[in-house]
There are 2 protein chains.
Amino acid sequence: MKKTGDVEFRCYFQLAMMVIGGKWKPKVLFHLGQNDTVRFGALRRAVFGISEKMLIQSLKDLERDGLVNRKVYRQVPPKVEYSLTDIGRSFVPVLNAMFHWGQSYASYLIAQKEKDHDYQTGDVLENIDELVQTDNEHITVK
Amino acid sequence: MKKTGDVEFRCYFQLAMMVIGGKWKPKVLFHLGQNDTVRFGALRRAVFGISEKMLIQSLKDLERDGLVNRKVYRQVPPKVEYSLTDIGRSFVPVLNAMFHWGQSYASYLIAQKEKDHDYQTGDVLENIDELVQTDNEHITVK
DNA sequence: TTAGATACTTACAAAAAGGTATGTATTAAG
DNA sequence: CTTAATACATACCTTTTTGTAAGTATCTAA
């Protein structure tokens, strides 16, 4: 009954983007997807580079939108556990798909780089070095 | 050899987000994915609400990042055809996954709305009406 | 010679997103 | 009485993204 691919696309895709949009939300979701419950502090340490402000902001949005559960333990010092809801968890495969595509795209970029010596390629490629370097840093140091 | 899920995640996921990030790129990609080649003007009409500036900007980025081909026909008036490259096309399944998730999320939102009469739910829900309305508009009008 | 079609470009403004720094509440341990 | 731990909140500023409006180039047809 709902036709014209354009319309459907316009709506449902936008909806999905409203939820995972932004710099941090996908990462938070991804991490939550790998654990049953995670405390605020653990999440903060797990999502490299995120500030407390951004973490709470992301979690609040995700909770409001129904993807995340928040469980408060009335203790001191406080303890709050976050977890994915059912729809939240149903999004994990999508995240995995994005992650895996990122992997193959990285391979592609590296292959491209070896081909074109001239810097034909753009911004993303300029970052691939840093990216790989970061990888190495962690691989060799750890 | 590359370990610590965190690191991998941090990089590859970011990479993917660099490509599909923003308000319009996913939509442009989605539409390109449904056609072999699309002219600039057709794309502009297809991606509802996009301005010419945003369209070119998106296409430039995507071309620079290797996801999109640009073929110029030396004519007057000008003719330019856009299409997906191989890696570009390999991203289509991911887009579809996002789209489908959006669909089920919409169902969830509607179900939720019928449950809670009090407006427990947040921003996304406030938009669902408009969303459905838009759908109806197109369904009934067309 | 003037208007129309197409694919852009540019300048400027508005809005959204993100970052940094600092503050709050509570209780237990020292 | 001070410090530490944890989970936030708030103010303010910077950067990034998006939008609006106008202009450019080229040939064809009227």
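Small disclaimer: the values here were computed from a predicted structure and weren't measured. Letters A, B, ... are given to chains in the order of the sequence lines, protein chains preceding strands, and every chain is numbered from 1.
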Distance check, rounded to the nearest 0.5 Å: [X] atom [atom1] versus [Y] atom [atom2]?
{"X": "A:I20", "Y": "B:W101", "atom1": "CD1", "atom2": "CH2", "result": "8.5 Å"}
{"X": "B:Y108", "Y": "A:I87", "atom1": "OH", "atom2": "CD1", "result": "3.5 Å"}
{"X": "A:S83", "Y": "A:R39", "atom1": "OG", "atom2": "CZ", "result": "14.0 Å"}
{"X": "B:L59", "Y": "B:R44", "atom1": "CG", "atom2": "CZ", "result": "12.0 Å"}
{"X": "B:I50", "Y": "B:L43", "atom1": "CD1", "atom2": "CG", "result": "7.0 Å"}
{"X": "A:L84", "Y": "A:T37", "atom1": "CG", "atom2": "OG1", "result": "10.5 Å"}

message: What's the angle between the local helix axes at either end of the helix from C:dT1-D:dA30 to C:dG30-D:dC1, using five pairs per end and rounding to 10 degrees?
response: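 Both end axes considered, the difference amounts to 30°.
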
message: Going by the rule ring-ring contact (aromatic ring centres under 6.0 Å, His included), which residues pair with B:W24 if we only count those two or more places apart in sequence or in a different chain?
response: none

- request: Extract, from 5' to 3' on DNA chain D, the first and final nucleotides lying under 4.0 angstrom from some heavy atom of chain A.
  value: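 Both ends considered, the range comes out as D:dA5 to D:dA11.
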
query: Once you round it to whole Å, what is the distance between P of C:dA16 and NZ of A:K25?
result: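 Distance check: A:K25 NZ to C:dA16 P gives 14 Å.
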
- request: Rounded to the nearest angstrom, tell me the gap between atom CD in A:Q75 and atom P in C:dA29.
  value: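 Whole-Å distance recorded here is 14 Å.
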
Partners meeting side-chain hydrogen bond (donor to acceptor under 3.5 Å, both in side chains) with B:S51 (sequence neighbours left out):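 With neighbours one apart ignored, the set is empty.
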
query: B:R89: what forms a side-chain hydrogen bond (donor to acceptor under 3.5 Å, both in side chains) with it, not counting sequence neighbours?
result: none

When you compare the protein's N or O atoms with those of nucleotides 5-11 of chain C, which come within less than 3.5 Å of each other, and at what distance?
from  : atom 1 : to    : atom 2 : distance (Å)
C:dT6 : O3'    : B:R39 : NH2    : 3.1
C:dT6 : O3'    : B:P78 : O      : 2.9
C:dA7 : OP1    : B:R39 : NE     : 3.0
C:dA7 : OP1    : B:R39 : NH2    : 2.9
C:dA7 : OP2    : B:G41 : N      : 3.0
C:dC8 : OP1    : B:R70 : NH2    : 2.4
C:dC8 : OP2    : B:Y82 : OH     : 2.7
C:dC8 : N4     : B:E52 : OE1    : 2.2
C:dT9 : OP2    : B:K60 : NZ     : 3.2

message: Does the plane of the ring in A:F99 sit parallel, tilted or perpendicular to the ring in A:F30? Use 30° and 60° as the thresholds.
response: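 Geometry flag for A:F30 against A:F99: tilted rings.
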
